2 protein chains.
Amino acid sequence: MNFLPLLRELVRTYQAFDSFSARHIRALGLTTSQFDVIATLGNTPGLSCRDIGEKTLMVKGTLTGVLERLEKKRLITRRENPEDKRSVLVQLTPAGQRLFDRVFPAHLAWLAPAFARLTPEELGALQQQLAALRQALEQAPE
Amino acid sequence: MNFLPLLRELVRTYQAFDSFSARHIRALGLTTSQFDVIATLGNTPGLSCRDIGEKTLMVKGTLTGVLERLEKKRLITRRENPEDKRSVLVQLTPAGQRLFDRVFPAHLAWLAPAFARLTPEELGALQQQLAALRQALEQAPE
DNA sequence: ACTATATTGTACGCATTCGTACCAAATTTG
DNA sequence: CAAATTTGGTACGAATGCGTACAATATAGT
């Protein structure tokens with residue numbers, strides 16, 4: 001019942017993915033977080049910070065800074081949401097849209113060969129096993 | 001061949017573990033990285049930064065700062081390695097050793113119930129599948 | 001021995017990450 | 001309807017995390 005090797009492998013695999021992915025994204029002039037936001041906003045009419053946080057798995061405090069830097073790069077805009085004055089509508093600018101169109105397919109094409117080394121069955125099984133572990137962690141008593 | 005759900009699950013599971021683990025470690029007055037270093041140094045005669053980095057999966061630049069803060073807390077010492085004057089011998093102080101003795105078993109006991117929700121077979125299978133994905137990522141062409 | 005190269009760790013800058021506190025707006029309660 | 005609570009974002013501080021550059025030492029090739 002030694003789970004430490006599994007833990008180590010979880011971290012190593014996560015880092016291996018992040019490193020492989022980030023290498024490409026950095027060459028495109030973005031950080032991983034910035035890319036995730038751009039990718040999430042693509043083909044949407046605009047999202048709230050809450051929505052973006054849910055999709056990108058970023059907590060709201062982190063998102064504020066990422067959005068600031070994307071705004072400074074003129075890739076997104078933040079405007080008031082008339083439906084709910086607490087929230088903000090984040091949208092891609094035309095430049096952001098062009099970047100999305102150029103960068104998103106390119107990054108999928110970068111990742112695809114790595115994942116093609118595993119069968120769809122393996123990918124599905126891994127996803128299920130990860131979900132089981134995650135639920136165990138989320139439901140574990142304190 | 002859509003691997004995005006798997007990616008999302010990988011990140012979510014990693015975060016779920018980190019969150020569950022960090023909650024306990026923070027209550028002990030440490031950060032995750034600091035705990036990892038203390039845990040790695042425990043029951044050793046001292047290690048180089050290189051060794052610690054390999055074990056904790058931290059890059060050396062990150063490690064420098066973590067060691068600084070642990071040194072400030074008087075939990076570790078950095079001394080010259082006579083065998084190789086480039087490297088540094090990092091050791092637990094008596095206080096660091098006492099902290100290790102108190103904190104390391106406690107943290108394993110904190111984690112164990114979560115992992116006990118999965119069978120050893122599941123844990124082993126997950127570890128193998130993660131390793132397969134990691135190798136695919138590491139060997140993928142650029 | 002001499003030089004080219006590799007290894008070990010630090011310095012530094014930039015961006016992220018998280019927790020906590022806080023404000024304003026919206027929703028729920030009594 | 002007024003008070004209490006929840007929700008959406010921001011502000012802020014501390015600590016990673018990573019890439020690049022750099023100094024000191026060690027090793028290899030000649």
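The chains referred to below are lettered A, B, ... by the order of the sequence lines, with proteins before strands, and numbering in each begins at 1. Predicted model only: the values in this text are computed from it and were never measured.
Between B:Glu83 atom CD and C:dG9 atom P the separation is 13 Å, expressed in whole Å. Distance B:Phe20 CZ to C:dC18 C1': 18 Å, rounded to the nearest Å. In this structure, the CD atom of B:Glu80 is 13 Å from the P atom of C:dT10, given to the nearest Å. Rounded to whole Å, the distance from CZ on A:Arg69 to P on D:dT10 is 13 Å. Separating the CG atom of A:Leu63 from the P atom of C:dG19 is a distance of 15 Å, rounded to the nearest angstrom. The CG-P distance, from A:Leu67 to D:dT10, rounds to 7 Å in whole Å. Taking atom CG of A:Leu70 as the reference point, atom P of C:dA15 lies 11 Å away to the nearest angstrom. Rounded to a whole Å, the OH atom of A:Tyr14 is 12 Å from the C1' atom of D:dT16.
Evaluation of atom-type donor-acceptor distances gives a pair under 3.5 Å for the side chain of A:Arg86 against the base of D:dT7.
Here D:dA26 is the nucleotide among D:dG17, D:dG9, D:dA26 with the atom lying nearest to any side-chain atom of B:Lys85. Residue B:Ser87 places its side chain closer to C:dT8 than to any other of C:dT8, D:dG9, C:dA11. Checking D:dG9, D:dT16, D:dT25 against every side-chain atom of A:Arg50, the shortest atom distance belongs to D:dG9. With distances taken from any side-chain atom of B:Lys60 to the nucleotides C:dC18, C:dT10, D:dG17, the minimum falls on C:dT10. Distances from the side chain of A:Glu68 to the nucleotides C:dA25, D:dG9, D:dA11 place D:dA11 closest.
Side-chain contact annotation: A:Gln15 with A:Ser19, donor-acceptor N/O pair under 3.5 Å absent.
The pair A:Arg134-A:Glu138 meets the salt-bridge criterion, with a side-chain N (NZ, NE, NH1 or NH2) lying under 4.0 Å from an Asp/Glu carboxylate O. Salt-bridge annotation for A:Lys85 and A:Glu80: absent, with no side-chain N of the basic residue lying under 4.0 Å from a carboxylate O of the acidic one.
Taking side-chain N and O atoms only, A:Ser48 has a distance below 4.0 Å to OP1 or OP2 of D:dG9. For A:Gln34 and C:dT16, the shortest distance from a side-chain N or O to OP1 or OP2 is below 4.0 Å. At the phosphate of C:dG19, OP1 or OP2 sits under 4.0 Å from a side-chain N or O atom of B:Arg26. Applying the 4.0 Å criterion to OP1 and OP2 of D:dT16, one finds that B:Ser33 has a side-chain N or O inside that range. Taking side-chain N and O atoms only, A:Thr31 has no distance below 4.0 Å to OP1 or OP2 of C:dC14.
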For B:Asp18 and B:Thr32: C-alpha separation, side-chain torsions, deciding distance, then whether side chain to side chain contact (heavy atoms under 4.5 Å, CB included) applies. CA-CA 8 Å; B:Asp18 191 63; B:Thr32 300; 4.1 Å; yes

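Projected onto DNA chain C by closest heavy-atom contact, B:Cys49 and B:Thr62 fall at different nucleotides, the more 5' of which corresponds to B:Cys49. With the nearest nucleotide of DNA chain C identified for both A:Thr32 and A:Gly61, A:Thr32 has the one nearer the 5' end. Two residues, A:Asp18 and A:Leu47, neighbour DNA chain D, and the one matched to the more 5' nucleotide by heavy-atom proximity is A:Leu47.
Within 4.0 Å of B:Arg23, counting heavy atoms only, lies no atom of the nucleic acid at all. Nucleic acid contact class of A:Asn81 (heavy atoms, under 4.0 Å, all strands): none.
Between A:Trp110 and A:Ser21, the shortest heavy-atom contact is NE1-CA, 4.2 Å. In plain terms, the two heavy atoms of A:Leu137 and B:Ala114 that are nearest each other are CD2-CB, 3.9 Å.
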